[in-house]
Student: 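Okay, here's the structure, questions in a sec.
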Amino acid sequence: GLPRVKEIDMTAAFTTSEILKLTGGRLMRGIAFEKQGSVCADINELSAGQWFIALRESQNDSHDLLGQAHRLGAIGCIVQDRRRYPFAHPDTKLIGVENPLDAYLELAREARERVSPKVVAITGSSGKSTTRDMCCSVASINFRIHSSSVNRPDARGRDEIRQMAGSGRFPRVRSGKPGSAAPEHLI
């Protein structure tokens, strides 16, 4: 097989005021300060100094994990705007938004605009991952690249977008089912 292409960590960082402006959210708890942090939607990957965004899935609601996010050192949490959060530590900064998934996608769009990457979409009925790996191997000779590590066209599959900001241009390679390369899958 082909050697695995080395991925470069390029983290998009946001301040409280940037998140409030981009998402239309409001500061529900805590004090606004300008410390930057990347946004993470997976509690298992959350690191100290990141924002935790609480998304709902069919089986799980990440709003139940706000206390854990605080213990892990999150700067704060981006949550659905509700009256109260009993699971949140009293010192946790909370930014309330109408819809956390929409807010997450807006932050992903901003991260992408900061980089202005060249985007490559690979579709087909078979061979997508192999084609993606070959394209990455060739492109990495002359470019810094970021390749989607998963073939998920849903919003959670976009968590890797947080790794894609900084300066310069990065070809972005993503593979998916035929017809799945709609613009919303390429953010």
Student: Looking at CG of Asn60 and CG of Leu55, how far apart are the two atoms once the value is rounded to the nearest 0.5 Å?
Tutor: 11.5 Å

Student: Salt-bridged, Arg109 to Glu113, with N to O below 4.0 Å?
Tutor: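 Looking at Glu113 together with Arg109, the answer is no, because their closest N to O distance does not fall below 4.0 Å.
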
Student: Does Asp102 form a side chain to side chain contact (heavy atoms under 4.5 Å, CB included) with Val97? I'd like the steps, not just the answer.
Tutor: CA-CA 9 Å; Asp102 290 343; Val97 296; over 6 Å; no

Student: Got a sec: does the CD of Glu98 have more than 12 other heavy atoms crowding it under 6.0 Å?
Tutor: no

Student: Roughly how far, to the nearest 0.5 Å, is CD of Glu18 from CG of Leu107?
Tutor: 9.5 Å

Student: Donor-acceptor pair, distance only, cut-off 3.5 Å: does the side chain of Gln50 make one with the backbone of Ser47?
Tutor: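 Flag set: sc Gln50 to bb Ser47 pair under 3.5 Å.
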
Student: Establish, for the pair Arg71 and Phe52, whether the NZ or CZ atom is under 6.0 angstrom from the six-membered ring centre and no further than 45 degrees off its axis.
Tutor: no

Student: Nearest 0.5 Å, please: how far is CD in Glu110 from CG in Leu105?
Tutor: 13.5 Å

Student: Please report the closest heavy-atom contact between Met28 and Asp81, naming both atoms and the distance.
Tutor: SD-OD1, 3.7 Å

Student: Looking only at heavy atoms, which two atoms of Gly37 and Ile75 are closest? And how far apart?
Tutor: CA-CD1, 3.6 Å

Student: Which pair of heavy atoms, one from Cys135 and one from Ile122, lies closest together, and at what distance?
Tutor: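 Smallest heavy-atom distance, with atoms named: SG-CD1, 4.1 Å.
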
Student: Can you tell me how far apart CG (Leu46) and CD1 (Ile43) are? Round to the nearest 0.5 Å.
Tutor: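 Here the interatomic distance stands at 5.0 Å.
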
Student: Supply the atom-to-atom distance Cys40 SG to Tyr104 OH, rounded to the nearest 0.5 angstrom.
Tutor: 7.0 Å

Student: Is the backbone of Glu34 close enough, under 3.5 Å, to the side chain of Thr15 for a donor and an acceptor to pair up by distance?
Tutor: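 Side chain of Thr15 to backbone of Glu34: no pair is present.
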
Student: For the residue pair Ala54 and Pro100, what are the closest heavy atoms and their distance?
Tutor: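 Here Ala54 and Pro100 meet closest at O-CB, 3.2 Å.
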
Student: For His63 and Gln80, work out which heavy atoms get closest and say how close.
Tutor: NE2-N, 3.0 Å

Student: Go through Leu66 and Val79 one step at a time and tell me if the side chain to side chain contact (heavy atoms under 4.5 Å, CB included) criterion holds.
Tutor: CA-CA 9 Å; Leu66 302 181; Val79 297; 3.8 Å; yes

Student: List the atom of Trp51, the atom of Phe14, and the distance in Å for their closest heavy-atom pair.
Tutor: NE1-O, 3.1 Å

Student: Starting at CG of Leu72, measure out to CD of Glu45 and round the result to the nearest 0.5 Å.
Tutor: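 Here the interatomic distance stands at 12.0 Å.
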
Student: Please tell me whether Glu106 and Thr23 have a donor and an acceptor in their side chains that are separated by less than 3.5 angstrom.
Tutor: no

